Undergrad: 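Questions regarding the structure given below will be posed in turn.
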Amino acid sequence: MNKKRKQVKTADGLPRATTLQALRSLMKLIWQVDKAYYLILLFRSILGAASSLVNLILPKLLIDGFARGWEWEHFLKGILAFAAFKYLVLQALSFLKLKEKRHSEYLDNKVPMVFADKVMRLHYPQLEDPQVLDLKERAIFPITNYQALQGLLGAAIDIITSFLTLGGLAAVLFAFSPWFLLTLLALCVIASLLSARFSRYMRHALQDLIPTNRRYGYWFDTIFNPAFQKEFRVYGLNVLLLAKVNTYTGEIADWLNRLYARQGNNATLQNLFTALMRVMAYGYAALRVLGSQWGSQITLGDYSVIVLATENFFATFQRFFGGIFELISNVHHLLPFCQFMLLPEAEQPDGLIPEPLRTLAFENVSFRYPHGDRQILDDLSFHIYEGEKISIVGLNNAGKSTIVKLICRLFEPQSGRILYNGTDIREYNYQAYLQQLACVFQDFFLFPFTLRDNLDPEGNSPDEALLAILDEVSLEGVMARLPGGLDTHLNKAVWEDATDFSGGEKQKIAIARSLARTSSLVILDEPTAALDPLAESEVYEHFHELTRGRTAIFISHRMSSSTFCDKILLLQDGKMAAFDSHQALMKGHNLYRDLFMAQAQHFLEQQEA
């Protein structure tokens, strides 16, 4: 039985989260990733507070000792006792800081993985939604570039440590003078409000900078992208690209100038209140040392404690509220991350387990892309039967690749049904249904893994079977020159010992990957676009053997590739213009015949030339 999904408030189609909700979400995430982190933070805070408070003791110990005429043995015992305690506290703190650093590094590595896992579990249409893509960029930026999660945890340590320290200092100052403590609190609150105003300015300023910084990063990365270097040199694009980068560099420089000016003004005001605090502390405490007119007289040792406690209280109070503002600021930076983690995931409820394909049917299917302004498929219906080889043809943007995405359940039609063996494909278990499909997408991708892992990610096929498939797609010559064989890595940018295959070889590997999968439906979307004519012809000639009698859907702009298919589905303006064999379509007057004859004429003219 499926769990009822908790309703999430949305704004502009995206999840909405308050600061408090985001903080709870982040604390929960850290708890799930690394529970021990909280224990380390607690003990580190307690020891940090103890280390600060114990510093009040030594000056009083020495001054009172002199006043009482202690022998040097008493001084030595007192100093050694203080030093021993301080040493133990500092050693424990160093140990906890080291532990905290290791756990922080673990979080640095783990949280982006949690984020990546979330991306993988989203509905595919969301990954083509500009709003979601923008939210994705804003979500990961503060974690990878701004270290906002570490800032959040650092602020939490400051808050807890400062709170415990303030408790001890307040007790000392209250015993000295309640009114003194209240006056000090008032100065601290005013100084903290000034810090809050600057912190709020910083938060908004950083959010305003993110779009500029993202565009700057895009153009900067583009300059160094190896894939674009040929165009840069041939078309002389370096001046234009540098101008783009310099534009955003200027915007960032202006932003920094405004920030530094605001930062300087805030620092001046903070220094003013610090001076007022010191005048009050030193002056009033001195009066209490000199007589009892302003309160009970105190010793010089007490004077040192009050002065130090006042200095520490002011600094710790600012650190306490600074920690709160920093925590809130980092939570605001991480709000997009929390929003992204609230995006609905692709639910995969238990469903039917499909048998091998017997029939595949589109029934009155209509579809347009999210935020799209054009109907891609309009009331489309057709049937495919077991073992048939079907070619889908049409002009650009006719909806050929969209049919593939719908069959793969990457999108759902707005109306109509897609039936697999007479059952709506949405009623099948998603993973079990995908096991029946093998696809070579138009924009296929080979991962920087080994050749074996690319061909058989699940590790179900023996090496002999994989090598046989590579032979079938005419890669036996390539395999003969690979010393690593199936263990050869792809992509030299990642692996030093990798092999970079040509475009045609990569396309053959992609075809081999689809053939290595045990499925009943093979879908090939422009599978030979990067192959030379001889290699392409070889694929067509052995197409039946390659697909092993399985049902196959073939998409290509080259009309000659349709001649070996049983039927041709002709798409025009999102509708089915024809669905018949090559021979039958060539006898009529239709778009397919026009396209075929135009390409054939072009081929003949090239041969004559």
Side-chain angles (χ1 to χ4, degrees), residues 19 23 41-42 44-56 59 89 93 97 100 146-148 150-206 259-285 303-333:
T19 303
L23 180 60
L41 296 186
L42 178 61
R44 183 181 164 185
S45 300
I46 292 172
L47 288 174
S51 179
S52 297
L53 292 172
V54 78
N55 290 335
L56 301 176
V89 171
L93 267 176
K97 285 179 181 178
E100 192 268 336
Y146 187 59
Q147 304 298 312
Q150 282 65 40
L152 176 75
L153 293 167
I157 292 175
D158 285 343
I159 291 170
I160 300 171
T161 304
S162 300
F163 180 78
L164 296 174
T165 306
L166 284 172
L169 295 172
V172 172
L173 295 173
F174 184 84
F176 172 63
S177 170
W179 291 108
F180 180 85
L181 177 60
L182 287 174
T183 307
L184 182 60
L185 272 171
L187 288 174
C188 289
V189 168
I190 295 171
S192 297
L193 289 175
L194 291 172
S195 295
R197 188 178 68 170
F198 179 69
S199 178
R200 186 166 56 251
Y201 168 79
M202 275 287 294
R203 184 172 69 246
H204 292 305
L206 282 170
L259 174 66
Y260 291 147
R262 192 71 174 259
Q263 195 174 33
N265 293 335
N266 182 69
T268 300
L269 289 172
Q270 292 290 341
N271 290 333
L272 175 62
F273 281 97
T274 301
L276 286 174
M277 176 273 299
R278 284 175 176 159
V279 168
M280 182 189 74
Y282 283 69
Y284 181 63
Y303 174 85
S304 70
V305 170
I306 298 305
V307 169
L308 282 176
T310 304
E311 290 271 5
N312 285 348
F313 190 92
F314 191 81
T316 304
F317 194 93
Q318 287 189 299
R319 191 160 59 248
F320 174 72
F321 275 93
I324 292 176
F325 301 141
E326 182 70 15
L327 184 138
I328 293 172
S329 177
N330 280 291
V331 170
H332 277 278
H333 291 319

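Just so we're clear, the structure is a prediction, and the values are computed from it rather than from any experiment.
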Undergrad: How many angstroms lie between atom CD1 of Ile159 and atom CG of Leu41, to the nearest 0.5 angstrom?
TA: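 Between atom CD1 of Ile159 and atom CG of Leu41 there are 11.5 Å.
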Undergrad: For the atom pair CZ (Arg319) and CD1 (Ile157), what is the distance rounded to the nearest 0.5 Å?
TA: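 Reported to 0.5 Å precision, the distance equals 12.5 Å.
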Undergrad: What verdict does the side chain to side chain contact (heavy atoms under 4.5 Å, CB included) test give for Leu42 and Ile46, after you've listed the backbone C-alpha separation in whole Å, the side-chain angles of each residue and the deciding distance to 0.1 Å?
TA: CA-CA 6 Å; Leu42 178 61; Ile46 292 172; 4.2 Å; yes
Undergrad: Any side-chain heavy atom of Phe313 sitting closer than 4.5 Å to one from Leu185?
TA: yes
Undergrad: Looking at every non-hydrogen atom in both residues, tell me the closest pair between Leu93 and Gly48 and how far apart they are.
TA: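 For Leu93 versus Gly48, the nearest heavy atoms are CD2-N, 3.9 Å.
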Undergrad: Between Leu53 and Val172, is the side chain to side chain contact (heavy atoms under 4.5 Å, CB included) condition met? List the steps.
TA: CA-CA 10 Å; Leu53 292 172; Val172 172; over 6 Å; no
Undergrad: Asn330 side chain to Glu326 main-chain N or O, any donor-acceptor pair under 3.5 Å?
TA: yes
Undergrad: Going by heavy atoms in the side chains, are Leu269 and Asn265 under 4.5 Å from each other?
TA: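 The answer is no; the side chains never approach within 4.5 Å.
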Undergrad: Asp158 versus Phe320: any side-chain heavy-atom pair under 4.5 Å?
TA: no
Undergrad: With side chains defined as the heavy atoms from C-beta onward, is the minimum distance between Thr316 and Ser52 less than 4.5 Å?
TA: no
Undergrad: Can you check side chain to side chain contact (heavy atoms under 4.5 Å, CB included) on Asn312 and Thr165, steps first, answer last?
TA: CA-CA 9 Å; Asn312 285 348; Thr165 306; 5.8 Å; no
Undergrad: Nearest heavy-atom pair of Leu164 and Ala49: which atoms, and what distance?
TA: CB-CB, 3.6 Å
Undergrad: Between CZ of Phe321 and SG of Cys188, what distance do you get to the nearest 0.5 Å?
TA: 9.0 Å
Undergrad: Run Phe317 and Val189 through side chain to side chain contact (heavy atoms under 4.5 Å, CB included) and show every step you take.
TA: CA-CA 8 Å; Phe317 194 93; Val189 168; 4.0 Å; yes
Undergrad: Who are the salt bridge (Lys or Arg N to Asp or Glu O under 4.0 Å) partners of Arg44, not counting sequence neighbours?
TA: Glu100
Undergrad: Which value, rounded to the nearest 0.5 Å, describes the distance between Leu152 atom CG and His333 atom NE2?
TA: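 Leu152 atom CG to His333 atom NE2 measures 11.0 Å (nearest 0.5 Å).
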Undergrad: Looking at Thr310 and Ile306, would you say the former's side chain and the latter's main chain have a donor-acceptor pair under 3.5 Å?
TA: yes
Undergrad: Is the number of heavy atoms from other residues, nucleotides or ligands within 6.0 Å of OH (Tyr201) greater than 12?
TA: yes
Undergrad: Using 0.5 Å steps for rounding, measure from the CZ atom of Phe198 to the CG atom of Leu259.
TA: 5.0 Å
Undergrad: If the condition is ring-ring contact (aromatic ring centres under 6.0 Å, His included), which residues does Phe176 pass it with, not counting sequence neighbours?
TA: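 Phe176 satisfies ring-ring contact (aromatic ring centres under 6.0 Å, His included) with Phe180, Tyr284 only.
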Undergrad: Between Gly323 and Ala155, what is the shortest heavy-atom contact and its length?
TA: O-CB, 3.4 Å
Undergrad: What pairs of residues pass the salt bridge (Lys or Arg N to Asp or Glu O under 4.0 Å) test when at least one of them lies in residues 162-184, not counting sequence neighbours?
TA: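 Listed once each, the pairs would be none.
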Undergrad: Quick check: does any side chain N or O of Ser329 sit under 3.5 Å from a backbone N or O of Phe325, one acting as donor and the other as acceptor?
TA: no
Undergrad: Under 4.5 Å between any side-chain heavy atoms of Val54 and Val89, yes or no?
TA: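 Sidechains of Val89 and Val54: no contact.
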Undergrad: Would you give the length of the straight line joining atom CG of Leu169 to atom CG of Leu308, rounded to the nearest 0.5 angstrom?
TA: 10.0 Å
